[in-house]
There are 2 protein chains.
Amino acid sequence: MKLSNKTDYAMRALFTLVEHYGRGPIPIPELARRNEVPKPFLEHIMLEMKKQGWVRSTVGKNGGYSLAKSPDQITMGEVVRHFDGILAPIACVSASHYEPCSQRPVCRFRRVFLEIRNQVTRQMDRASLAAVFTAALTQRQDMSIDEYAEDGEV
Amino acid sequence: MKLSNKTDYAMRALFTLVEHYGRGPIPIPELARRNEVPKPFLEHIMLEMKKQGWVRSTVGKNGGYSLAKSPDQITMGEVVRHFDGILAPIACVSASHYEPCSQRPVCRFRRVFLEIRNQVTRQMDRASLAAVFTAALTQRQDMSIDEYAEDGEV
DNA sequence: TAATATCCGACTATATTGGTCGGCTTTTAG
DNA sequence: CTAAAAGCCGACCAATATAGTCGGATATTA
């Protein structure tokens, strides 16, 4: 159920770019340093994101990466889907990576995963970089898991 | 984000045992056939589940596996956690597999994953085999993803 | 005692993850 | 004009996880 480092790294870099949005490019060495991502690995990640149209690059001295779209036009769902391929817990309930399952007529638990998939995708697709970023500004960053768990829905 | 075949297979076998609860053991060849799971692989899976105390076995002719607990005392959450290790999308929001992350004070997106983790674990831990099984009896099994998506919460 | 079970360790094949490395091209400051 | 700094990009690699197979030992019963 875990997402890859790649997705994590991509997201870190993206939010750094969000923070700097409208103020010129940031070079990879800087992005790598700030987010503790291995530089050569981040190169590939940024390149993929460029191909997706999320970031743009300027080469040469003083170059680097910046967002290619407004932060409210990129969602975490898109990013995770691109790098991890699937948001659903099991392929028979995935829209993007659907695979038929011969057990379907007799499967008892498919419904549970279907509900989970729906909740996860709803959250992820709602989570634009802009929304997440501004929400983070008004929240404590050090909240513990248990603390939050009693917190109810948000 | 996807769960392993192992978990899938384990769940298939479990629900077969639920269906047969109180009516004696089912041998692995039968469990394997009914659920389209490779028999030698299923052996290992059943053995693991036995160690977890979910099923019990009787060896020798006419032997096989049966549930060791009432179906309302086993949850899908337990099963997935055992075989896949983690329910959370990222270790920094996992209760069972928590790992500190140096980026935490500046991480903008942790909150989103925390919310998702909470929803997923809530659903999974609520989903006892008994509840899921009886719910499945009253539901259409062939519902498409899109159909369900418009369905609202359940 | 033969048939049918579970039990269990050892083995393997393949895919994915998580990178590194080297060299090329592009741009610009001096 | 040239050196530094940046992105571009394909090839490669090591470690781990996944998804099993196989062979044989042991237990039970018709």
Side-chain angles (χ1 to χ4, degrees), chain A residues 1-13 17 20 24-52 54-68 80 82-86 89-91 97 99, chain B residues 1-13 17 24-68 80 82-86 89-91 97 99:
Chain A
M1 305 282 286
K2 230 175 63 182
L3 45 76
S4 60
N5 282 12
K6 219 169 173 181
T7 306
D8 184 4
Y9 294 162
M11 217 88 75
R12 294 183 191 187
L17 296 185
H20 204 255
I26 305 181
I28 286 185
E30 170 76 5
L31 285 173
R33 195 189 51 73
R34 293 242 302 238
N35 296 293
E36 291 179 276
V37 179
K39 197 194 83 169
F41 194 26
L42 186 56
E43 280 185 13
H44 289 286
I45 296 172
M46 298 310 294
L47 220 40
E48 277 190 68
M49 294 209 279
K50 182 182 176 180
K51 278 179 194 142
Q52 294 303 307
W54 300 328
V55 298
R56 109 177 75 236
S57 67
T58 56
V59 343
K61 207 168 181 179
N62 295 336
Y65 278 92
S66 48
L67 283 188
V80 175
H82 174 74
F83 286 108
D84 273 13
I86 188 169
I90 196 165
H97 290 69
E99 274 178 44
Chain B
M1 303 284 288
K2 229 176 64 185
L3 45 75
S4 61
N5 282 11
K6 219 169 174 180
T7 305
D8 185 4
Y9 294 161
M11 217 89 73
R12 294 184 190 187
L17 296 185
I26 305 180
I28 286 185
E30 170 76 4
L31 284 173
R33 195 189 51 73
R34 294 242 302 238
N35 296 294
E36 291 181 278
V37 179
K39 198 193 83 169
F41 194 25
L42 187 56
E43 282 185 11
H44 289 287
I45 295 171
M46 297 310 294
L47 221 39
E48 276 190 70
M49 294 209 281
K50 183 182 177 183
K51 278 181 194 140
Q52 294 303 306
W54 300 329
V55 299
R56 107 177 78 235
S57 68
T58 55
V59 340
K61 206 166 180 178
N62 295 337
Y65 278 93
S66 48
L67 281 189
V80 175
H82 173 75
F83 286 108
D84 273 14
I86 188 169
I90 196 165
H97 290 67
E99 273 178 46

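Quick caveat: nothing in here was measured; it's all calculated off a predicted structure. By convention in this document, chain letters (A, B, ...) are assigned in the order of the sequence lines, proteins followed by strands, and residues within each chain are numbered from 1.
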Would you check if B:Ile45 and B:Phe83 make a side-chain contact, meaning some heavy-atom pair closer than 4.5 Å?
yes
Give A:Phe83 one of three labels, base, sugar-phosphate or nothing, depending on what nucleic acid heavy atoms sit under 4.0 Å from its own.
nothing
Flag, side chain of A:Asp84 to backbone of A:Ser4, donor-acceptor distance under 3.5 Å:
yes
Can you list the residues that meet the ring pair (Phe, Tyr, Trp, His ring centres under 6.0 Å) rule with B:His44, with sequence neighbours excluded?
none
Minimum side-chain heavy-atom gap A:Arg12-A:Glu36 below 4.5 Å
yes
Phosphate contact (C:dC7 OP1 or OP2) by B:Lys50 side-chain N/O below 4.0 Å
yes
A side-chain contact here means heavy atoms from C-beta on lying under 4.5 Å apart; do B:Leu31 and B:Val37 qualify?
no
In this structure, how many angstroms lie between the P atom of C:dG18 and the CD atom of A:Glu48, rounded?
13 Å
Would you give the length of the straight line joining atom CG of B:Leu67 to atom CE of B:Met49, rounded to the nearest 0.5 angstrom?
9.0 Å
Rounding to an integer number of Å, can you tell me how far A:Leu47 CG sits from D:dA6 P?
17 Å
For A:Asp84 and C:dT17, what is the distance between atoms CG and P respectively, to the nearest whole Å?
7 Å
Within-4.5 Å side-chain heavy-atom neighbours: A:Lys39 and A:Pro29
yes
Between the protein and nucleotides 28-30 of chain C, which nitrogen or oxygen pairs come in under 3.5 angstrom?
| unit_1 | atom_1 | unit_2 | atom_2 | d |
| --- | --- | --- | --- | --- |
| C:dA29 | OP1 | A:Asn62 | ND2 | 3.2 |

Measure CD1/A:Ile45 against P/D:dG7 and give the value in whole Å, please.
14 Å
For DNA chain C, which residues in residues 30-40 of chain A have a heavy atom at a distance below 4.0 Å?
A:Pro38, A:Pro40
How many Å lie between CZ on B:Phe41 and P on C:dC11, as a whole number?
19 Å
If you define the side chain from C-beta out and look only at heavy atoms, does anything of A:Tyr65 sit under 4.5 Å from A:Ile28?
yes
Any side-chain N or O of A:Ser57 under 4.0 Å from OP1/OP2 of D:dC8?
yes
d(CE, A:Met46; P, D:dA6) in whole Å
14 Å
Does B:Tyr65 have a side-chain nitrogen or oxygen under 4.0 Å from the phosphate oxygens OP1 or OP2 of C:dA5?
no
If the condition is side chain to side chain contact (heavy atoms under 4.5 Å, CB included), which residues does B:Lys61 pass it with, not counting sequence neighbours?
none
May I have the distance from B:Ile28 (atom CD1) to D:dT21 (atom C1'), rounded to whole angstrom?
15 Å
Considering every strand and a 4.0 Å limit on heavy-atom distances, what is the contact class for A:Pro29: base, sugar-phosphate, or nothing?
sugar-phosphate
Can you sort out the partners of A:Lys6 under salt bridge (charged side-chain N to carboxylate O under 4.0 Å, His left out), two or more places apart, ordered by chain and number?
A:Glu48
Looking only at heavy atoms, which two atoms of B:Thr58 and B:Pro25 are closest? And how far apart?
OG1-CG, 3.8 Å
So, OP1 or OP2 of D:dA19: does either fall under 4.0 Å of a side-chain N or O from B:Tyr9?
no
Please give, in whole Å, the distance from D:dG20 P to B:Leu42 CG?
11 Å
In terms of heavy-atom contacts, B:Leu17 and B:Met46 come closest through CD1-CE, 4.1 Å
Tabulated below should be each protein N or O lying under 3.5 Å from an N or O of nucleotides 10-17 of chain D; please produce it.
| unit_1 | atom_1 | unit_2 | atom_2 | d |
| --- | --- | --- | --- | --- |
| D:dG10 | O6 | A:His44 | NE2 | 3.0 |

